[in-house]
Student: 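Please read through the structure below; I'll follow up with questions.
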Amino acid sequence: MTDQRHGRDVVRVTAPGDGDGATGDIAITGLDDVVLGCWVGDCAPIVLIGADRQFAVVHAGWRGLASGVVDAAVAAFDEPVVGAVLGPTIGACCYEFGDHDLVAVAAGTHADPEAIRGRTTSGAPALDVEAAVRSALAVHELSADVLAGCTGCTFDGFSHRVRRDAERHVVAAWRNGA
């Protein structure tokens with residue numbers, strides 16, 4: 001479990017427990033029976049799966065997406081990335097977002113700003129985090145299996161943006177060596 005900072009730093013896990021608490025938004029390993037975790041409230045948790053042994057968890061908040069966290073995660077692999085899973089994240093329905101920051105996210109995810117622009121249920125301009133993640137993955141010829149729903153209104157978890165929850169949920173990934 002890394003100490004996420006909304007950036008693109010990579011933590012390489014080379015032994016069980018290695019990197020626990022290290023600063024980074026990407027944790028990657030090729031080890032069996034090692035759990036990688038990602039704390040999130042509204043940010044996008046992404047699991048990437050390599051063709052042979054490696055897998056990673058990625059904490060992708062809007063600042064990380066703007067800085068190219070998905071590109072950094074894919075680049076951290078020593079083998080082709082063949083799969084991606086996107087966990088629960090805040091939906092455009094609940095994520096009011098300004099144009100200036102939306103343009104930055106679009107640049108970091110290789111998206112046209114209009115492709116990631118959404119509207120909240122009240123009609124305010126919003127960021128569609130799922131669309132931004134999908135755009136960032138598409139550059140690498142990846143698509144994501146999407147789990148759960150909006151952390152603000154349909155997923156039974158925590159949301160800082162909507163409810164000011166201090167708690168977070170975790171997305172965990174591991175490969176069983178058996």
Side-chain angles (χ1 to χ4, degrees), residues 1-91 108-110 129-152 154-161 165-178:
M1 188 71 72
T2 59
D3 181 10
Q4 291 105 27
R5 299 295 172 96
H6 300 277
R8 51 182 283 145
D9 292 335
V10 176
V11 175
R12 293 191 179 277
V13 178
T14 58
D18 187 29
D20 192 33
T23 300
D25 287 271
I26 303 161
I28 186 169
T29 192
L31 300 174
D32 291 337
D33 301 319
V34 170
V35 178
L36 300 180
C38 176
W39 290 109
V40 288
D42 293 313
C43 297
I46 305 165
V47 176
L48 297 176
I49 303 150
D52 186 30
R53 302 203 47 84
Q54 292 182 312
F55 63 99
V57 294
V58 181
H59 170 261
W62 79 264
R63 286 179 179 88
L65 289 168
S67 72
V69 70
V70 173
D71 291 340
V74 171
F77 277 75
D78 297 326
E79 60 192 57
V81 178
V82 296
V85 178
L86 173 60
T89 187
I90 195 157
T109 59
H110 313 283
V129 175
E130 182 180 326
V133 170
R134 286 183 183 279
S135 178
L137 290 170
V139 169
H140 302 283
E141 299 180 359
L142 294 167
S143 60
D145 291 326
V146 179
L147 306 177
C150 173
T151 53
T154 62
F155 174 71
D156 186 20
F158 303 107
S159 174
H160 174 73
R161 174 132 337 235
D165 294 330
E167 303 87 0
R168 300 291 181 260
H169 52 276
V170 67
V171 170
W174 66 95
R175 189 186 53 235
N176 187 338

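Bear in mind the structure is a predicted one, so any value in this text is a computation, not a measurement. For the numbers below, each heavy atom of this structure counts, side chains included, while hydrogens, waters and symmetry mates do not.
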Student: Just so I know, are the side chains of Leu36 and Trp174 near enough to count as touching, which here means a heavy-atom distance under 4.5 Å?
Tutor: no

Student: Determine the minimum heavy-atom distance between Gly61 and Cys43, stating which atoms define it.
Tutor: CA-SG, 3.4 Å

Student: Within the 4.5 Å heavy-atom criterion, are Leu65 and Val133 side-chain neighbours or not?
Tutor: yes

Student: Going by the rule side-chain contact (heavy atoms from CB on, under 4.5 Å), which residues pair with Ala75 if we only count those two or more places apart in sequence or in a different chain?
Tutor: none

Student: Under the rule for salt bridge (charged side-chain N to carboxylate O under 4.0 Å, His left out), what residues qualify as partners of Arg63, not counting sequence neighbours?
Tutor: none

Student: Ignoring hydrogens and angles, tell me if any N or O in the side chain of Thr154 forms a donor-acceptor pair with the backbone of Gly149 under 3.5 Å.
Tutor: no

Student: Testing the basics here: between Val35 and Ala172, what is the closest heavy-atom pair and its distance to 0.1 Å?
Tutor: CG1-CB, 3.8 Å

Student: Quick one, Cys150 and Ile90 - any side-chain contact, counting heavy atoms below 4.5 Å?
Tutor: yes

Student: Tabulate below the donor-acceptor pairs under 3.5 Å that side-chain atoms of residues 137-144 make, not counting sequence neighbours, or state none.
Tutor:
residue	atom	partner	partner atom	Å
His140	NE2	Asp71	OD1	2.7

Student: Taking only residues two or more places apart in sequence, or in another chain, which ones meet Thr2 in a side-chain hydrogen bond (donor to acceptor under 3.5 Å, both in side chains)?
Tutor: Gln4

Student: For the atom pair CG (Asp33) and CG (Asn176), what is the distance rounded to the nearest 0.5 Å?
Tutor: 5.5 Å

Student: Determine whether Val47 and Val171 satisfy the following criterion, side-chain contact (heavy atoms from CB on, under 4.5 Å), listing intermediate values before the conclusion.
Tutor: CA-CA 9 Å; Val47 176; Val171 170; 4.1 Å; yes

Student: Please assess Val11 against Ile28 for the test side-chain contact (heavy atoms from CB on, under 4.5 Å), listing each intermediate value before the final yes or no.
Tutor: CA-CA 6 Å; Val11 175; Ile28 186 169; over 6 Å; no

Student: Step by step, work out the side-chain contact (heavy atoms from CB on, under 4.5 Å) result for His6 and Ser67.
Tutor: CA-CA 9 Å; His6 300 277; Ser67 72; over 6 Å; no

Student: Does some side-chain heavy atom of Gln54 sit less than 4.5 Å from a side-chain heavy atom of Thr29?
Tutor: no

Student: Side-chain contact, heavy-atom cut-off 4.5 Å: Arg8 with Asp25?
Tutor: no

Student: Is a side-chain donor or acceptor of Thr109 paired with a backbone partner of Ala136 at a separation under 3.5 angstrom?
Tutor: no

Student: Can you name the side-chain contact (heavy atoms from CB on, under 4.5 Å) partners of Ala73, sequence neighbours left out?
Tutor: Ile26, Leu48, Val58

Student: About how many Å separate SG of Cys38 and NE2 of His59, when rounded to the nearest 0.5 Å?
Tutor: 5.5 Å

Student: Below 4.5 Å, heavy atoms only, C-beta onward: do Ile46 and Val57 meet side chain to side chain?
Tutor: no

Student: Could you give me the CA-CA distance, side-chain angles and deciding distance for Val85 and Leu147, then say whether side-chain contact (heavy atoms from CB on, under 4.5 Å) is met?
Tutor: CA-CA 7 Å; Val85 178; Leu147 306 177; 3.5 Å; yes

Student: Locate the shortest heavy-atom distance separating Val82 from Ala51; write the atom from each residue and the value.
Tutor: CG1-CB, 3.7 Å

Student: For Val69 and Ala60, which heavy atoms make the closest approach, and how far apart are they?
Tutor: CG1-CB, 3.9 Å

Student: Which residues satisfy the salt bridge (charged side-chain N to carboxylate O under 4.0 Å, His left out) test with Arg12, sequence neighbours excluded?
Tutor: none

Student: Taking all non-hydrogen atoms of both residues, which atom of Thr151 and which atom of Gly41 are closest, and how far apart?
Tutor: CG2-O, 3.2 Å

Student: Nearest 0.5 Å, please: how far is CD1 in Ile49 from CZ in Phe77?
Tutor: 8.5 Å

